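What follows is a short report on a single structure.
What you are looking at is a predicted structure, and each value in this text was computed from that prediction instead of being measured. Every number for a ligand or one of its atoms is a count from 1 in the order of the listing. Side chains included, hydrogens not; waters and symmetry mates left out as well; all remaining heavy atoms used.
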Amino acid sequence: MERRMTVHQDGNPIYDIVMSDSFGSLATEVAKLAVEGRRICIVTDSTVAGLYLEEVRERLAGCCKEVVTFVFPAGEENKNLKTVQALYETLILNHLDRKDLLVALGGGVVGDLCGYAAATYLRGVSFIQIPTTLLSQVDSSIGGKTGVDFDAYKNMVGAFHMPRLVYINVKTLTTLSQEQFSSGMGEIIKHGLIKDAAYYQWLKDNREKIMARDLEACADMIERSDEIKREVVEKDPTEQGDRALLNFGHTLGHAIEKLKNFQMLHGHCVGVGCIAAAAISQKRGYLTEAQVQDIRETMKAFQVEERVSGVDPAKVVAATKNDKKMDGNTIKFILLKEIGSAYVDRQVTEEEMKLGLEAVLE
Ligand SMILES: NC(=O)c1ccc[n+]([C@@H]2O[C@H](COP(=O)([O-])OP(=O)(O)OC[C@H]3O[C@@H](n4cnc5c(N)ncnc54)[C@H](O)[C@@H]3O)[C@@H](O)[C@H]2O)c1
Ligand SMILES: [Zn+2]
């Protein structure tokens, strides 16, 4: 299996997303980036290191001068400047220079952190993404957003820095926990809802294969989701306009995530946020009650959360106010005109948000 798409910026090809069911063509793809005689630093976390580091290291050793590795403890709590600092130290001690390459091997935490280090080390070095979670394969590895958390503030420090290659080995999905897999499904269902009703239907029709992690079905799904993300980021690389549509489900989802102290996975919060935003779209007369119910059933069928307990709706609404999606004093709320078509609405009131939350809070 090998699939490929190219991400462009201003009409110019910037990087390829290559999808395979092994790491078999990784060295060939990396060799195209002129790394012969160069050093490579593989950045990964403690969980992924135990699963895939050895194979990736061996494969890359053949196409460059030296492979260095940097492993940090898995978990969002380590996506911070302290870990970045330790990584800089490894890079300096191993003499990595401007023309060398960083490799992010792991989920979104590794990708964001390694990408940020690549954006800033020596004012920017090349990096590639090897995403190993479903969420990172359809979302965080594409688009060039990198960054780390600062104290309790998520993604507060960051940079736009495009990868030179995204290499997806769909087989890595087979070792992922069910919870992490369904978290990725939250973002994937969102892709269908905002851009492609036929894809949303396809997801429902192929649920069994997807949940059984049939590799062909997963590859078809990742390919379509990446296509949607690619189109959006190509049109709007620095999030001035259309890219905001990807935030469907995120205004309330993020707020719930915060109030739950990040104990609920991101994609699950997004799923809940999508249902609440769909309920607001229904109040506006865009969706029918049956369609909102269908979205809820779909989330449930893919084991994405569809209800949350123990959070106060007034606090959720208050928490949306310091969301980064604020623009001046208005929130850029994303609603659905219909299934497969999203738009930015700047007039969503606190009352409407509370009504939307009624659909998901218990
Ligand atoms: N840059 C962006 O555009 C963007 C977009 C969305 C999310 N993000 C960021 O992504 C992060 C979340 O990413 P995530 O959901 O991938 O979490 P993660 O990177 O923490 O990975 C989740 C867990 O799965 C483990 N894991 C990874 N791959 C595995 C595999 N193949 N088999 C078994 N275990 C594996 C990890 O070690 C980790 O414990 C957040 O920090 C979020 O802010 C960034
Ligand atoms: Zn998200």
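Each of Arg3, Arg230, Arg4, Arg164 was checked for a salt bridge (charged side-chain N to carboxylate O under 4.0 Å, His left out) with Asp16, and the lone residue meeting it is Arg4.
Of the options Leu51, Val110, Asp139, the smallest heavy-atom separation from atom 6 (C) of ligand 1 is shown by Asp139. Heavy-atom proximity to atom 9 (C) of ligand 1, evaluated over Thr172, Thr47, Thr132, Asp112, is greatest for Asp112. Here the shortest heavy-atom distance to atom 33 (C) of ligand 1, taken over Thr133, Thr175, Leu265, belongs to Thr175.
Aromatic ring centres of His161 and Phe127: separated by under 6.0 Å.
The closest approach between any non-hydrogen atom of Glu187 and ligand 1 is not below 4.0 Å. In this structure, Glu76 counts as a contact residue of ligand 1, since one of its heavy atoms falls inside 4.0 Å of the ligand.
When only non-hydrogen protein atoms are considered, atom 23 (C) of ligand 1 lies nearest to Gln180 NE2, 3.6 Å. Closest protein heavy atom to atom 26 (N) of ligand 1: Val48 CG2, 3.8 Å. With respect to atom 35 (C) of ligand 1, the closest heavy atom belonging to the protein is Leu176 CD1, 3.6 Å. Summary of contacts: the protein heavy atom closest to atom 38 (C) of ligand 1 is Asp45 OD2, 4.1 Å. Among protein heavy atoms, the minimum distance from atom 14 (P) of ligand 1 is reached at Gly108 N, 3.5 Å. Protein heavy atom nearest atom 39 (O) of ligand 1, with residue, atom name and distance: Ala74 CB, 3.9 Å. Counting only heavy atoms of the protein, atom 15 (O) of ligand 1 lies nearest to Leu135 CD2, 3.6 Å.
Side-chain contact check for Phe72 versus Leu113: some heavy-atom pair is nearer than 4.5 Å. Side chains of Lys145 and Phe160 form a contact here, defined as non-hydrogen atoms less than 4.5 Å apart. Residues Gln180 and Leu134 have side chains not in contact (no heavy-atom distance under 4.5 Å, counting atoms from C-beta outward).
For ligand 1, the polar-atom distance check finds no N/O of Arg243 at less than 3.5 Å from any of the ligand's N/O atoms. Residue-to-ligand polar distances keep Ser136 apart from ligand 1: every N/O pair is separated by 3.5 Å or more. Of the N or O atoms in Val109, one or more lie within a sub-3.5 Å distance of an N or O in ligand 1.
A cation-pi arrangement is present between Lys337 and Tyr343, with the terminal nitrogen or guanidinium carbon under 6.0 Å from the aromatic centre and inside a 45° cone about the axis.
Less than 4.0 angstrom separates some heavy atom of Tyr52 from each of these atoms of ligand 1: 31 (N). The distance from ligand 1 to the heavy atoms of Asn155 drops below 4.0 Å at these ligand atoms: 43 (O). Ligand-side atoms of ligand 1 in range of Lys154: 40 (C), 41 (O), 42 (C), 43 (O), range being under 4.0 angstrom from any heavy atom.
Within the coordination shell of the Zn ion (ligand 2), defined by N, O or S atoms under 2.8 Å, Glu187 is present.
By the criterion of a heavy-atom distance under 4.0 Å, both the backbone and the side chain of Lys145 are placed next to ligand 1. With a heavy-atom cut-off of 4.0 Å, Ser140 touches ligand 1 through backbone and side chain alike.
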Verify salt bridge (Lys or Arg N to Asp or Glu O under 4.0 Å) between Lys171 and Asp21, making sure each step is shown before the conclusion.
CA-CA 5 Å; Lys171 215 166 195 171; Asp21 55 1; over 6 Å; no

Using the salt bridge (Lys or Arg N to Asp or Glu O under 4.0 Å) rule, take Asp242 and Lys195 through it: C-alpha gap first, then chi angles, then the decisive distance, then the call.
CA-CA 11 Å; Asp242 221 35; Lys195 283 281 175 190; 3.6 Å; yes

List the steps, then state whether salt bridge (Lys or Arg N to Asp or Glu O under 4.0 Å) holds for Arg224 with Glu227.
CA-CA 5 Å; Arg224 182 62 197 130; Glu227 195 70 39; 5.2 Å; no

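Ring pair His250/His254 is perpendicular by interplanar angle, where above 60° counts as perpendicular and below 30° as parallel. Classification of the Phe23-Tyr167 ring pair by plane angle, with boundaries at 30° and 60°, yields parallel.
Within the 3.5 Å criterion, the main-chain N or O of Ala359 finds a donor-acceptor partner in the side chain of Arg296. In terms of modelled atom types and a separation under 3.5 Å, the side chain of Ser281 and the main chain of Ala277 share a donor-acceptor contact.
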